Protein chains: 4
Amino acid sequence: MGHYRGGGHEDTRSKRQHILEAAYEVFSKKGYHRATVDEIIAMADTGKGTVYNYFTSKEQLFYTLIRERSQPFEKAMSQVADSEEQPLVKIELMVRLALGFYRENADLWRVMMHEIRGFGSEGHTAMAPEIKAKYHEGFRRILSRMEKVLDDGIAQGVLRKIDSTRSAYGLFSVIVMMVYQKFVDEDIETTARQVTDIFLYGAARRS
Amino acid sequence: MGHYRGGGHEDTRSKRQHILEAAYEVFSKKGYHRATVDEIIAMADTGKGTVYNYFTSKEQLFYTLIRERSQPFEKAMSQVADSEEQPLVKIELMVRLALGFYRENADLWRVMMHEIRGFGSEGHTAMAPEIKAKYHEGFRRILSRMEKVLDDGIAQGVLRKIDSTRSAYGLFSVIVMMVYQKFVDEDIETTARQVTDIFLYGAARRS
Amino acid sequence: MGHYRGGGHEDTRSKRQHILEAAYEVFSKKGYHRATVDEIIAMADTGKGTVYNYFTSKEQLFYTLIRERSQPFEKAMSQVADSEEQPLVKIELMVRLALGFYRENADLWRVMMHEIRGFGSEGHTAMAPEIKAKYHEGFRRILSRMEKVLDDGIAQGVLRKIDSTRSAYGLFSVIVMMVYQKFVDEDIETTARQVTDIFLYGAARRS
Amino acid sequence: MGHYRGGGHEDTRSKRQHILEAAYEVFSKKGYHRATVDEIIAMADTGKGTVYNYFTSKEQLFYTLIRERSQPFEKAMSQVADSEEQPLVKIELMVRLALGFYRENADLWRVMMHEIRGFGSEGHTAMAPEIKAKYHEGFRRILSRMEKVLDDGIAQGVLRKIDSTRSAYGLFSVIVMMVYQKFVDEDIETTARQVTDIFLYGAARRS
DNA sequence: CATGAATGAGTATTCATTCAT
DNA sequence: GATGAATGAATACTCATTCAT
């Protein structure tokens with residue numbers, strides 16, 4: 001697109017992609033506020049104006065990044081949720097998916113959660129609260145997938161009559177924490193099993 | 001600090017307190033970056049210079065705030081840990097304590113967690129990483145109290161041979177999440193029991 | 001410029017015209033600084049590069065616009081000046097012409113007057129002061145036509161021995177003001193007569 | 001105020017005054033858009049933040065400047081209007097006042113008139129249209145003073161039944177033009193008399 | 001000790017212009 | 001000729017921190 005593109009593969013990913021990738025690095029490392037557009041363009045090896053050709057503001061760049069990153073994850077979660085597996089199996093699969101996703105995007109997600117709470121931005125150029133709401137929704141969509149599975153489990157009698165909403169959030173928080181604490185080694189499955197195990201069967205010894 | 005308080009000038013000592021209280025409000029509401037010293041002094045009804053008489057920087061003010069707020073909590077956790085109660089009882093007590101503490105300080109803690117990750121400061125004016133380390137320590141001290149209790153439980157055979165470190169972190173994360181999601185109503189004990197119940201006995205129906 | 005217009009490509013020449021028309025709209029509405037090339041090309045429905053094929057810069061586009069718009073006016077003023085009419089008649093005719101022209105181009109001229117004063121450009125990309133001088137000249141050419149008529153009137157004894165330069169400028173300024181204040185209704189002649197009347201015979205009652 | 005103030009007189013005029021004076025120079029020379037805050041602070045020999053301590057934005061600085069400069073003039077015009085002089089005398093006095101004021105502030109006023117028209121700003125930080133309206137008002141207040149005097153003259157039979165509104169604007173425009181063209185020498189009274197003379201008695205020779 | 005005027009480093013954003021296609 | 005993606009110089013504004021009183 002525009003510009004001479006040599007024979008190689010390196011430019012296959014567009015300028016926009018380069019920027020998004022650089023933004024990922026910088027936002028993940030620095031958080032939203034300490035990240036500077038200057039650092040992003042330096043890493044993306046592009047000009048400042050280019051960023052503003054593709055994104056209307058730093059904030060919109062940030063949220064675009066989040067959106068593009070979370071879509072595949074959301075899709076995968078939906079597939080598991082809609083699959084024919086048993087609830088208990090679905091739970092473990094979802095835990096595994098979430099561990100994988102968050103391990104990949106831990107820092108960026110931490111930053112997003114912070115911003116979404118309203119701590120970040122707002123004083124700058126705007127970015128309507130309705131846009132923030134959309135990201136809250138994204139988060140809640142994930143959660144409700146999980147909640148639904150728990151409800152199914154309860155209905156089928158394989159789970160106790162727990163509070164499914166809170167339990168879903170709790171399970172989720174554990175996953176995130178495992179990632180934040182870097183408790184998730186190469187082998188995601190082990191951690192997934194551990195988490196699922198305690199969630200399902202508890203820490204107490206069965207008398 | 002802790003100055004002589006003569007009879008006349010009743011506010012000598014409380015200036016510092018006023019600032020801390022205002023800082024609590026502002027940091028909680030705005031997060032670290034969006035909080036401004038101007039807003040803090042407006043709320044504390046004091047001069048700008050005064051802040052810098054008591055605290056060396058915005059950052060040090062923030063961390064002082066955290067420290068002073070967490071001390072009573074740390075002490076209470078220690079007391080429970082060192083008490084003569086049964087491990088399972090201790091667990092529920094600790095959950096209750098933590099729920100209470102975080103409910104009180106939810107926003108400020110969320111902010112702190114974010115900053116401590118390294119998103120804040122670093123390149124700015126000072127506040128060596130070693131100081132951040134101290135706050136990590138504080139966090140870890142709490143965690144290790146809990147871990148110790150879990151280990152005792154395992155040793156006494158009332159808990160399964162779970163990974164006590166990860167379990168402590170997991171339990172902790174659930175507590176924090178409950179608070180963040182405002183799932184904790186007036187009655188802390190109910191939530192505490194719910195959390196403890198699933199942690200100990202699992203969500204699965206015992207066949 | 002003024003290219004061959006074959007039968008097929010009817011738009012070859014008009015591209016330049018489209019741009020000039022769009023520029024007229026945008027400069028008139030926004031002034032020189034707030035006008036953006038982006039807005040002009042959007043309105044002209046052309047590409048950005050095209051503008052720079054026909055004009056060397058935003059500034060040169062602006063001045064070209066001014067020049068092309070003022071030429072017919074200058075010509076008409078010259079015709080009146082060179083005609084065989086009586087000086088007093090010439091004056092009213094010129095007032096009428098000027099009112100018509102400025103009513104048509106009020107905003108653009110206001111913008112030009114501002115820029116020409118030296119408020120615009122200068123430190124920017126080019127457009128030497130000598131070019132500005134040319135536009136001053138254009139303005140002064142109009143004025144000197146009028147001045148000449150006044151001098152003729154004095155010579156013929158139909159005007160008092162007024163300062164013809166200043167009077168021409170004064171008369172001119174009134175015309176412009178009438179337009180700026182939107183005092184010129186559909187019927188230009190009425191205003192022209194009013195202006196000429198006071199200029200010639202004064203506001204005071206003849207005793 | 002703050003800072004050590006040596007023995008001299010030089011600091012008597014506050015920082016705020018220095019900034020206003022520098023702003024006057026820069027806005028007058030460069031116009032609103034090309035004037036930069038950096039240039040203003042350089043000339044005021046102050047820090048950038050200081051400007052924003054006294055003024056909320058570049059725009060508000062500009063309008064404050066206008067307001068403070070025009071107040072004495074408005075007051076003087078009112079005094080003449082309300083005096084006991086004859087209308088014809090008042091007219092000449094007002095012309096003299098206006099010539100003096102505009103000679104002093106010619107460039108700044110030209111810039112203001114341009115901005116007020118809506119050509120400037122707006123895209124930046126805001127400055128509500130209601131504020132612009134206030135400056136329009138200021139302008140119109142002056143004009144209506146003059147208009148009133150003309151109406152009095154008509155009522156007293158010393159002026160013809162001219163359109164007083166348009167005439168006031170016309171008279172005004174001539175004054176401004178004289179200033180812009182630097183036709184006003186040291187001796188304001190001469191120009192004032194010239195202008196008044198033609199306005200009252202016309203350019204035509206009385207037969 | 002308390003104060004707040006002064007400061008300037010740090011940053012997001014705009015927009016005219018270029019040039020490979 | 002026509003196009004528009006890429007560019008970066010230019011600029012208003014924020015806010016933590018200092019220091020003379």
Side-chain angles (χ1 to χ4, degrees), chain A residues 1-5 14-16 33-41 46-59 61 123-125, chain B residues 3 9 11-12 15-16 33-41 46-59 61 123-126, chain C residues 1 3 9 11-12 15-16 33-41 46-59 61 123-126, chain D residues 1-5 14-16 33-41 45-59 61 123-125:
Chain A
M1 244 181 275
H3 270 310
Y4 168 74
R5 275 167 62 195
S14 68
K15 214 92 211 184
R16 185 172 178 282
H33 278 97
R34 294 223 320 122
T36 69
V37 175
D38 275 332
E39 194 173 355
I40 291 171
I41 63 169
T46 188
K48 200 171 266 190
T50 309
V51 170
Y52 288 89
N53 282 342
Y54 289 111
F55 309 95
T56 60
S57 69
K58 180 185 172 187
E59 193 156 11
L61 166 60
H124 276 302
T125 336
Chain B
H3 278 281
H9 300 271
D11 266 348
T12 296
K15 214 100 244 203
R16 186 173 178 281
H33 278 97
R34 293 222 314 126
T36 67
V37 175
D38 275 330
E39 195 173 353
I40 292 170
I41 63 169
T46 187
K48 214 169 209 174
T50 310
V51 169
Y52 289 87
N53 285 338
Y54 289 112
F55 309 94
T56 62
S57 69
K58 180 186 174 187
E59 193 157 14
L61 165 60
H124 231 348
T125 337
Chain C
M1 246 185 273
H3 279 280
H9 299 272
D11 267 348
T12 296
K15 214 96 241 209
R16 186 173 177 282
H33 279 98
R34 296 222 313 124
T36 68
V37 175
D38 275 329
E39 194 173 354
I40 291 171
I41 62 168
T46 187
K48 215 170 209 174
T50 309
V51 170
Y52 289 88
N53 283 339
Y54 289 111
F55 309 94
T56 62
S57 69
K58 179 187 173 186
E59 193 157 13
L61 166 59
H124 231 347
T125 336
Chain D
M1 245 181 271
H3 271 309
Y4 166 75
R5 275 167 62 195
S14 67
K15 214 93 212 184
R16 185 172 178 283
H33 277 97
R34 294 224 317 124
T36 69
V37 175
D38 275 334
E39 194 173 354
I40 292 171
I41 64 170
D45 192 36
T46 188
K48 195 172 272 190
T50 309
V51 169
Y52 288 89
N53 282 343
Y54 289 111
F55 309 94
T56 59
S57 68
K58 180 186 172 185
E59 191 156 12
L61 166 59
H124 275 303
T125 337

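A note on names: the letters A, B, ... follow the listed sequences, proteins ahead of strands, and every chain is numbered from 1. Because the structure is a prediction, the values reported are computed rather than measured. Computation of the quantities below employed the complete heavy-atom set of this structure, encompassing side-chain atoms and omitting hydrogens, waters and symmetry-equivalent molecules.
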Q. According to a strict under-4.0 Å criterion, is C:T36 in side-chain N/O contact with OP1 or OP2 of E:dT14?
A. no

**Q.** Gap between atoms CZ and C1', on A:R16 and F:dA6 respectively (whole Å)
**A.** 16 Å

Q) What heavy-atom pair brings D:H33 and D:K58 nearest, and what distance separates the two atoms? A) O-NZ, 3.5 Å

Q) Does A:T46 put a side-chain nitrogen or oxygen below 4.0 Å from OP1 or OP2 of F:dT7? A) yes

Q | Nearest-nucleotide 5' precedence on DNA chain F, B:G49 against D:V37 | A | D:V37

Q: In whole angstrom, give the distance that lies between atom CG of B:D38 and atom P of E:dA6.
A: 15 Å

(Q) Could you go through A:I40 and A:T46, starting from their C-alpha distance and side-chain angles, then the distance that decides it, and tell me whether this counts as side-chain contact (heavy atoms from CB on, under 4.5 Å)? (A) CA-CA 9 Å; A:I40 291 171; A:T46 188; over 6 Å; no

Q) Can you check the B:F55 CZ to E:dA2 P distance for me, whole Å? A) 11 Å

Q: Figure out the CD1/P separation between B:I40 and F:dC15, and round it to whole Å.
A: 12 Å

Q | Interatomic distance, D:Y54 OH vs E:dA5 P [rounded to whole Å] | A | 7 Å

Q: Taking only the side-chain nitrogens and oxygens of C:Y52, find out if one of them lies under 4.0 Å from OP1 or OP2 of F:dA2.
A: no

(Q) Quick one, D:Y54 and D:L61 - any side-chain contact, counting heavy atoms below 4.5 Å? (A) no

Q: Starting at CZ of B:R16, measure out to OG1 of B:T50 and round the result to the nearest 0.5 Å.
A: 13.5 Å

Q.
Between the base of E:dT17 and the side chain of C:K48, is one N or O donor paired with an acceptor at under 3.5 angstrom?
A. yes

Q. Per the atom types in the model, does the base of E:dA6 pair as donor or acceptor with the side chain of D:N53 at under 3.5 Å?
A. yes

Q: List for me each residue that meets side-chain contact (heavy atoms from CB on, under 4.5 Å) alongside C:D38, sequence neighbours excluded, and say none if there are none.
A: C:T36, C:I41, C:K48

Q: Starting at atom CD1 of D:I41, determine the distance to atom C1' of E:dA6, rounded to an integer number of angstrom.
A: 12 Å

Q: Could you check how far CD of D:E59 sits from C1' of F:dT11, rounded to whole Å?
A: 15 Å

**Q.** Length of the line joining D:E39:CD and F:dA12:C1', which is rounded to integer Å
**A.** 15 Å

Q. Which dot-bracket string fits DNA chain F when only Watson-Crick or G-U wobble pairs with both atom distances under 3.5 Å count, crossing pairs get [ ], and | stands for a partner on a different strand?
A. .||||||||||||||||||||

Q) If you pin C:A35 and D:G47 to their nearest nucleotides in DNA chain E, which one's is more 5'? A) D:G47

Q: Looking at every strand, decide which applies to A:T50 at a 4.0 Å heavy-atom threshold: base, sugar-phosphate, or nothing.
A: base

